[in-house]
Amino acid sequence: YVNLPRSCGPVLASISDGVLPEAEVLREALLVLNEEHSVPLEEAEYVRQLVIALGASEQRVSAKHMRMAVAAWYVNIERSATSGGALAKHAFTGAHAKLLDNNPLQRICRGECDHLTLATLGMFAVVWVIIPILAIWLGASSDTGRYPCERPMLATGVTL
């Protein structure tokens, strides 16, 4: 919303810092912003609902709230629908990149060794190395007493 053109300023000033304009008034303002290309009433209703979702009320709309809502509408004016496959691909790619960026081993290999990375690596070693080794050692060396193991073939594989 920070990068809206300056030409939007006077139009936004006329519909903000007061009560929330009705959908028809908002539609007229959006029409001016859209260079007189038609704007359906549903889009004006969308902007109205978005202004309220952003924290404004029916009684008071700040210029900031109106600017943010109009910016969201402005970005999507001529945007075509994004396919589900493209959204999923973007989500998986973004999640994969974030996981790799936060991987403590890769951070150390990149030379980004800070306290958080060392603490994460230490916790990783405890959870995935030390605790399983202790569990195997205790399981192999403990006496079950009078309760026999139900699956002795599994115990042999674990202790190897």
Side-chain angles (χ1 to χ4, degrees), residues 1-139 158:
Y1 77 97
V2 178
N3 296 322
L4 272 176
R6 287 190 181 269
S7 60
C8 296
V11 176
L12 289 173
S14 69
I15 58 173
S16 52
D17 289 329
V19 296
L20 182 63
E22 292 298 320
E24 188 57 41
V25 174
L26 195 54
R27 185 179 155 284
E28 292 298 322
L30 296 176
L31 190 66
V32 171
L33 292 174
N34 202 22
E35 298 173 351
E36 300 300 321
H37 293 3
S38 68
V39 175
L41 193 59
E42 294 84 29
E43 290 185 17
E45 284 292 338
Y46 164 76
V47 172
R48 223 170 165 271
Q49 291 169 0
L50 192 55
V51 167
I52 292 173
L54 290 170
S57 66
E58 293 276 344
Q59 294 78 27
R60 174 94 174 106
V61 177
S62 70
K64 182 179 178 182
H65 289 128
M66 186 59 76
R67 189 172 188 84
M68 287 191 292
V70 168
W73 167 80
Y74 201 75
V75 165
N76 291 311
I77 290 175
E78 294 181 8
R79 184 174 177 266
S80 60
T82 306
S83 69
L87 290 174
K89 181 180 177 185
H90 180 71
F92 286 126
T93 304
H96 185 257
K98 285 180 183 177
L99 286 174
L100 289 180
D101 285 345
N102 293 326
N103 183 339
L105 293 174
Q106 290 202 0
R107 289 180 63 122
I108 288 174
C109 289
R110 287 191 307 256
E112 300 172 9
C113 192
D114 58 354
H115 296 298
L116 179 63
T117 303
L118 291 176
T120 306
L121 187 61
M123 189 167 56
F124 178 83
V126 167
V127 170
W128 295 106
V129 177
I130 294 173
I131 291 177
I133 288 174
L134 285 174
I136 291 171
W137 178 70
L138 286 173
V158 170

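Worth saying up front: this structure is predicted, and the values here are computed from it rather than measured.
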Worked check of side-chain contact (heavy atoms from CB on, under 4.5 Å) between Arg60 and Val19: CA-CA 5 Å; Arg60 174 94 174 106; Val19 296; over 6 Å; no
Evaluate Asn103 against Phe124 for side-chain contact (heavy atoms from CB on, under 4.5 Å), listing each step before the verdict. CA-CA 10 Å; Asn103 183 339; Phe124 178 83; over 6 Å; no
Could you walk me through whether Leu31 and Glu28 pass side-chain contact (heavy atoms from CB on, under 4.5 Å), step by step? CA-CA 5 Å; Leu31 190 66; Glu28 292 298 322; 4.0 Å; yes
side-chain contact (heavy atoms from CB on, under 4.5 Å) assessment of Leu54 paired with Lys64: CA-CA 10 Å; Leu54 290 170; Lys64 182 179 178 182; over 6 Å; no
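Partners of Glu58 under the side-chain hydrogen bond (donor to acceptor under 3.5 Å, both in side chains) rule, at least two apart in sequence or in another chain, are Arg48.
Heavy-atom minimum distance, Glu24 versus Leu41: OE1-CD1, 3.7 Å. Contact record, Ala86 with Thr82: CB-CG2, 3.9 Å, taken as the closest heavy-atom pair. Closest approach of Asp17 and Ala63 over heavy atoms only: OD1-N, 3.3 Å. Of all heavy-atom pairs between Trp73 and Leu33, the closest is CZ3-CB, 4.4 Å. The two residues Asn34 and Ser38 make their nearest non-hydrogen contact at ND2-O, 3.8 Å. A pairwise comparison of heavy atoms in Ala44 and Leu26 identifies O-CD2, 3.4 Å as the closest pair.
The line from CG of Leu121 to CZ of Arg107 is 11.5 Å long, rounded to the nearest 0.5 Å. Note that CE of Met66 and SG of Cys8 are 13.0 Å apart. Values are rounded to the nearest 0.5 Å. Rounding to the nearest 0.5 angstrom, the gap separating the CG atom in Leu100 from the CG atom in Leu105 is 11.5 Å. Distance CG/Leu50 to CD/Glu45: 12.5 Å, rounded to 0.5 Å. Of the inter-residue distances, the one linking Glu43 atom CD with Leu30 atom CG reads 8.0 Å to the nearest 0.5 angstrom. The CG atom of Leu20 sits 5.0 Å away from the CD1 atom of Ile52 when rounded to the nearest 0.5 Å.
Side chain of Ser14 to backbone of Val11: a donor-acceptor contact under 3.5 angstrom is found. With hydrogens and angles ignored, the 3.5 Å screen pairs a side-chain donor or acceptor of Asn102 with a backbone N or O of Lys98. Between the Ser16 side chain and the Leu12 main chain, a donor and an acceptor come within less than 3.5 Å of each other.
Within 6.0 Å of the CD atom in Glu35, the count of heavy atoms belonging to other residues, nucleotides or ligands does not exceed 12.
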